[in-house]
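As structure tokens, the structure follows; a few thoughts come after it.
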Protein chains: 4
Amino acid sequence: MKDPLKEALQEQLIAGRRSQILDAATRVFATKGFHPTTIKDIAREAGVADGTIYNYFTNKTALLLGILDRLNETDQRATDFSQLTDISQVSKGEFRSFMMAYIAHRMLIFKADEFRIFKVLISEIMVNQELREQYRQKIVEPTMKMAEVYFQQWAEKRVLRPTNVRLTIRAISGLILGLMVEYVMGDETLEEEWETLPAFITDLILDGLRSTQA
Amino acid sequence: MKDPLKEALQEQLIAGRRSQILDAATRVFATKGFHPTTIKDIAREAGVADGTIYNYFTNKTALLLGILDRLNETDQRATDFSQLTDISQVSKGEFRSFMMAYIAHRMLIFKADEFRIFKVLISEIMVNQELREQYRQKIVEPTMKMAEVYFQQWAEKRVLRPTNVRLTIRAISGLILGLMVEYVMGDETLEEEWETLPAFITDLILDGLRSTQA
Amino acid sequence: MKDPLKEALQEQLIAGRRSQILDAATRVFATKGFHPTTIKDIAREAGVADGTIYNYFTNKTALLLGILDRLNETDQRATDFSQLTDISQVSKGEFRSFMMAYIAHRMLIFKADEFRIFKVLISEIMVNQELREQYRQKIVEPTMKMAEVYFQQWAEKRVLRPTNVRLTIRAISGLILGLMVEYVMGDETLEEEWETLPAFITDLILDGLRSTQA
Amino acid sequence: MKDPLKEALQEQLIAGRRSQILDAATRVFATKGFHPTTIKDIAREAGVADGTIYNYFTNKTALLLGILDRLNETDQRATDFSQLTDISQVSKGEFRSFMMAYIAHRMLIFKADEFRIFKVLISEIMVNQELREQYRQKIVEPTMKMAEVYFQQWAEKRVLRPTNVRLTIRAISGLILGLMVEYVMGDETLEEEWETLPAFITDLILDGLRSTQA
DNA sequence: GATGAATGAGTGTTCATTCAT
DNA sequence: AATGAATGAACACTCATTCAT
């Protein structure tokens, strides 16, 4: 097996199998939730034997990790800031629309399946330390780091007023996360207004609640 | 057993037992999580037999519901707004400090046990429909309703700028909820700054991010 | 408590309570079966506390025994042969109608509740030795003994052809019992023809199947 | 696994396992009864793990059904009437001995283990609807149907006197069933005379009880 | 690599029975 | 005698994981 061609082909096959299994797992988890889903369910959905799954994932939790990873990749491709000429050079006016676009993006990722996989992930992350740490290291922290850089520059250029950048970022992402959790809880107002929320949130964050009356 | 004195005593005893079991359940759930905890664990911790638990709660989930209820009661007593002469008459200056006090209160309830019971509750609420609905009906909706009334009045009196009150409320509570979830994920910045957050959040929400420079 | 009047009253009360509980047990057993019925079910139906039942019956099985006993008493009163001037003096013609009446009687006792309590009794008798022995001693054997006396006399008087009386009796009662069991199994033919069966059985037993053609 | 040879082997293995488990279940049920027997008991007796049983039977009741099925197969092989040149052509004399042989056969099947498995089956059939229906559909009704055909022919050929064939069949099978139940109850007379019963029963059914004296 | 039969630890829940009041 | 809260043993069934083929 020193043949580099064969090796490449092998990797392709392995990646394909992994993908096939993760697809199945995502569907079943979204439908039944994590604990109620059995490996048999996933194997049947993927059209493989139970044991085969263990050739690609060490255990049931690893499937969730795999799903998380894929979501992350997909997401990073989607939000590839480098498309923008220079994100750090946005003006005040552009900033508002950039902000809104970003918020809208985040609020719609999980909307696709009505937050069914989001529910499962959050639920398990709350309670499973390994998953939580992987999530933080691979997704949360890199995102935060990157955001800090931009916000720092914006603050220096007075696009934003001076403020604690790290807390600001955490507040904004927390706001989005919290709204998604509230949506999942079954809040009808959020359900009705989900489409208008990005604009609303952007205004709230940029302008605040305070009356500007004399 | 038609004796009203005896009946009252009975009720006391029953309430006491319930409390004793819920205390135990809270401790064990906080330590081990929901699923990993067995009824036997709780029974042992409460110093009763397994079966006794089922004389007071129909099943394991009902224990979580019971915990939720108690938190709610405790919380309602704590945030009894009626202490204030008239909450709807607060001036702009008072509003900021009122807001901050409220946010601080919310952010500290679950901090007491380092969010251990919060984790378990959120995790299970995400995934257990019955629990989710009870939570929404008994806690979320009443709170939202009450908040709407006040915010409406404040908006009318121009303490706040005109805005969609219902979305505003959901944004604020979502922000707090989201920050707690992020904290639970292990965010170190939030851990360090948790005490300063209420002030920060209040300013952010009232004043916004926008640079006020010309 | 040496007062004989009071004692008698006591006994009346006790008998009443027993009866009340047995009534309840019969109803519930007939509806849900033996094992699926809980003492709580019976207590509720009887309008007493769980513990009270144990003041009158040593355990759940004893309730079944009690039901059996009552059926027996009721039955013996009903089939009190002594009403007949002299059962052993019946002629051939009378014998056929007596036989038929007896068979009809046996086949209808349990029909009243569509064999629901019969099912439960037979099921448990098959499997519970104590119940089985009680049933044999208190019901089966006395009945067999009595029947033997009469059949012996009838055989001697040539109302019947000479035959092994004990086996004959067991065959006849077995036939009735077996038909009831088959009915319970859900045999539709038996269901439709149950009313005509006593006559049919009587003819079969008395005349046999053999063609009387030359 | 599309290899037909391997598939056949698989089926052999599966059938063998099923058999092994049913053997064990039969032994344990016969000894302890149905309810007192635990899956663990059966697993231990069969030399497999608890869970393995559930790879072959959906639940505990299915084991009883399996036992019933096997008895049925065994029985059908044993009573393969086709051995006889033509069962419907039997003469009057042959009929008596055929009848006796059949009755003897039926009365001895369950005698092998002293009716221990019979007890358990009857007890559970009385009380478990699914089992009862399966028993009726798979065993009772086919047997009855077949018997009706033959009895009809015999009646037409005057081997038997004209009579209601369906009731006759039910009476005969009821008689055998009833005697087995009485035996199980502990009747000593039946125990002593069990061997002579087939002849006795045959005579009773064919000739009746009636005195043939003038 | 793929299979899927075998494993057996693990647990929520029930309920007959007891007994202090 | 009546009560009904407390008990705790008992059990069917599930399912993640392993491993021989």
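Mapping D:Asn55 and B:Lys60 onto DNA chain E by nearest heavy atom places D:Asn55 closer to the 5' end of the strand. Map D:Thr58 and C:Arg17 each onto its nearest nucleotide of DNA chain F; the residue landing nearer the 5' end is C:Arg17. Map C:Phe34 and D:Ile53 each onto its nearest nucleotide of DNA chain E; the residue landing nearer the 5' end is D:Ile53.
No donor-acceptor pair closer than 3.5 Å links the side chain of B:Glu45 to the backbone N or O of B:Ala24.
Following rounding to the nearest Å, A:Arg44 (CZ) and E:dG4 (C1') show an atom-to-atom distance of 12 Å. For the pair D:Asp50 CG and E:dT11 C1', the computed distance is 14 Å after rounding to whole Å. Atoms CG (A:Asn59) and P (F:dA16) sit 11 Å apart, rounded to a whole Å. Between the CD atom of B:Glu11 and the P atom of F:dG4 there is a distance of 14 Å, given to the nearest Å. To the nearest angstrom, P of F:dC15 lies 10 Å from NZ of A:Lys40. Remark: P of F:dT14 and NE2 of A:His35 are 17 Å apart, rounded to the nearest angstrom. Atoms CZ (A:Arg18) and P (E:dG1) sit 13 Å apart, rounded to a whole Å. Atom C1' of nucleotide F:dA16 and atom OH of D:Tyr54 are separated by 18 Å, given to the nearest angstrom.
The shortest distance between side-chain heavy atoms of D:Thr61 and D:Glu124 does not fall below 4.5 Å. By the 4.5 Å heavy-atom criterion applied to side chains, C:Thr38 and C:Lys32 are not counted as neighbours.
Residue-level contact check: B:Ile39 touches the bases, meaning some heavy atom is under 4.0 Å from a base atom. Within the nucleic acid shown, D:Thr52 comes within 4.0 Å of at least one base atom, counting heavy atoms only. Residue contacts for C:Thr37: at a heavy-atom cut-off of 4.0 Å it reaches the sugar-phosphate backbone alone, with no base atom in range.
For C:Phe29, the ring pair (Phe, Tyr, Trp, His ring centres under 6.0 Å) partners are C:Phe34, not counting sequence neighbours. With sequence neighbours left out, the ring pair (Phe, Tyr, Trp, His ring centres under 6.0 Å) criterion links D:Phe57 to no other residue.
Rounded to 10 degrees, the angle separating the terminal axes of the helix from E:dA2-F:dT21 to E:dT21-F:dA2 is 0°, with each axis obtained from five end pairs.
Under 3.5 Å, the side chains of B:Arg132 and B:Gln129 contain no donor-acceptor pair of N or O atoms.
Using a cutoff of 4.0 Å between basic side-chain nitrogens and carboxylate oxygens, D:Arg70 and D:Asp23 are scored as salt-bridged.
For the OP1/OP2 pair of E:dA2 and a distance below 4.0 Å, the side-chain nitrogens and oxygens of A:Tyr56 include at least one atom meeting the criterion.
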